[in-house]
Chemist: 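Attaching a single structure in structure tokens format; questions to follow.
Sequence lines set the chain letters: A, B, ... in the order given, protein chains first and strands last, and positions in each chain run from 1. Just so you know, these numbers use all the heavy atoms, side chains as well, and skip hydrogens, waters and symmetry mates. The shown structure was predicted, so the numbers you read here are calculated from the model rather than taken from an experiment.
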Number of protein chains: 2
Amino acid sequence: MLKLTKKVDYALLALNLMAKTEEGGISNVRDIAALYSIPPEILAKVMQKLSKSGLIQSHNAPKGGYSLKLPAEEISVLKVLVAVEGPVGIVSCSDGTDKSCQQRGQCDIRSPLEKLQNNILWFLEALSIRELGQEPAVLKGVTDGSSLFGQPLHHKG
Amino acid sequence: MLKLTKKVDYALLALNLMAKTEEGGISNVRDIAALYSIPPEILAKVMQKLSKSGLIQSHNAPKGGYSLKLPAEEISVLKVLVAVEGPVGIVSCSDGTDKSCQQRGQCDIRSPLEKLQNNILWFLEALSIRELGQEPAVLKGVTDGSSLFGQPLHHKG
DNA sequence: TTGATTACAGACTAAAATGGTCTGCGATAA
DNA sequence: TTATCGCAGACCATTTTAGTCTGTAATCAA
């Protein structure tokens, strides 16, 4: 629960690798899969989805493969996630999946949960695959939760 | 993916209801299940887990049921989540589930993902079931992502 | 022109997580 | 002593996730 799928993992690993290669560099599925011990067929599907979503560019030919279609700074983790797995929602009534929620009439916690979700989405959108491959220090503004709130509320850490 | 389970939904609905009843009030499974159209057997299991985790107190008798064992302000959504579903990790290598990650040797995105996860956990810990039942305005500090960061980074909303 | 190499496409199966059902036991207060 | 509540766990169905298999299409180089 609340877990990223392996396909998303694979996509992030691949994109992180591509972000580190020189501008316009081409990587192919076989090599990436071998490097990370990923089943090539799975990675192939994942890359095709990224391609269809316009995040990467395919080169269908010998010595071909994929290259980033956008600067690494403009490819957010959220975009990757949506490209690979579709719309994201921490509760099913918020991603268009659940058409007939049994609790809808009586549900009185939807609003805060949706706000919670918005935060998560915002984080995912703020984090690019460029930052993904950088050292922790660079990520401080995005991912160090300890400085995010004015008032500590009820958190005891 | 990245979705809360229905059991967690049910737990939050039940706890939110209990938080709104007067201090020390007792609610029983049958009534709560009926109110929210939840299968009673499922809710029963969920409540038992909450009880074992010390979040609520059981009263095993006629006219019995459950009452909050802690003030609603001190029961975080994260505690509920862990009580019902166990340890939380957005990637399996970070919750103790995955003992033999194939990518471990080559993985160079673990650190940022774990920081991302820490943020999510922090949010979940900062949000209590008391806030869960209050109007959106009260939640501004916790759940309005638009004011959380100093620098906007690459987010375009 | 042919063949090796790459991506594209989708059916299919296996495994795991999730959601839900069923049955019986134990505690307690009226 | 019995009806009402929680406790416990086996069991099954469904959905999601992960992975496999087969074949097609595009492109470049020999």
Chemist: Please identify each residue that fulfils salt bridge (charged side-chain N to carboxylate O under 4.0 Å, His left out) with A:K7, with sequence neighbours left out.
Modeler: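 Partners of A:K7 by the salt bridge (charged side-chain N to carboxylate O under 4.0 Å, His left out) criterion come out as none, since no residue qualifies.
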
Chemist: What pairs of donor and acceptor atoms, side-chain ones from residues 8-19 of chain A against any protein atom, are under 3.5 angstrom apart with sequence neighbours left out?
Modeler:
residue	atom	partner	partner atom	Å
A:N16	OD1	A:G133	N	3.4
A:N16	ND2	B:D108	OD1	3.1

Chemist: For residues 37-57 of chain B, which side-chain donor-acceptor pairs fall under 3.5 Å, sequence neighbours excluded?
Modeler:
residue	atom	partner	partner atom	Å
B:K49	NZ	B:V84	O	3.4
B:S53	OG	B:K49	O	3.1

Chemist: Who pairs with A:P71 by side-chain contact (heavy atoms from CB on, under 4.5 Å), at least two apart in sequence or on another chain?
Modeler: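 A:P71: side-chain contact (heavy atoms from CB on, under 4.5 Å) contacts with A:E73, A:E74.
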
Chemist: Could you pull out all residues at least two apart from A:I120 that satisfy side-chain contact (heavy atoms from CB on, under 4.5 Å)?
Modeler: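 With sequence neighbours excluded, A:I120 shows a side-chain contact (heavy atoms from CB on, under 4.5 Å) to A:I90, A:L124, B:I120, given in chain and number order.
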
Chemist: So if I define the base as every atom that isn't primed, P, OP1 or OP2, how would nucleotides 14-24 of chain D read as a B/S/- string at a heavy-atom cutoff under 4.0 Å?
Modeler: ---SSBB----

Chemist: Is there side-chain contact between A:L116 and A:L113, with at least one heavy-atom pair below 4.5 Å?
Modeler: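 Yes, at least one pair of side-chain atoms sits under 4.5 Å.
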
Chemist: Report each atom pair, protein N/O against N/O of nucleotides 2-7 of chain D, whose distance is under 3.5 angstrom.
Modeler:
residue	atom	partner	partner atom	Å
D:dC5	OP2	B:R30	NH2	2.7
D:dC5	O2	B:N60	OD1	3.0
D:dG6	OP1	B:V29	N	3.2
D:dG6	O4'	B:N60	OD1	3.2
D:dC7	OP1	B:S58	OG	3.1
D:dC7	OP2	B:Y66	OH	2.3

Chemist: Using whole Å, report how far CE of A:M18 lies from P of C:dA7.
Modeler: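 Result: 10 Å.
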
Chemist: Going by the rule side-chain contact (heavy atoms from CB on, under 4.5 Å), which residues pair with A:R110 if we only count those two or more places apart in sequence or in a different chain?
Modeler: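 side-chain contact (heavy atoms from CB on, under 4.5 Å) list for A:R110, sorted by chain: A:C93, A:R104, A:C107, A:E114.
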
Chemist: Starting at NZ of A:K49 and ending at P of C:dA7, how long is that distance when rounded to a whole Å?
Modeler: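 The answer, rounded to whole Å, is 17 Å.
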
Chemist: Got a sec, which residues hit side-chain hydrogen bond (donor to acceptor under 3.5 Å, both in side chains) with A:S67, two or more places apart in sequence or on another chain?
Modeler: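 side-chain hydrogen bond (donor to acceptor under 3.5 Å, both in side chains) check on A:S67 returns A:H59.
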
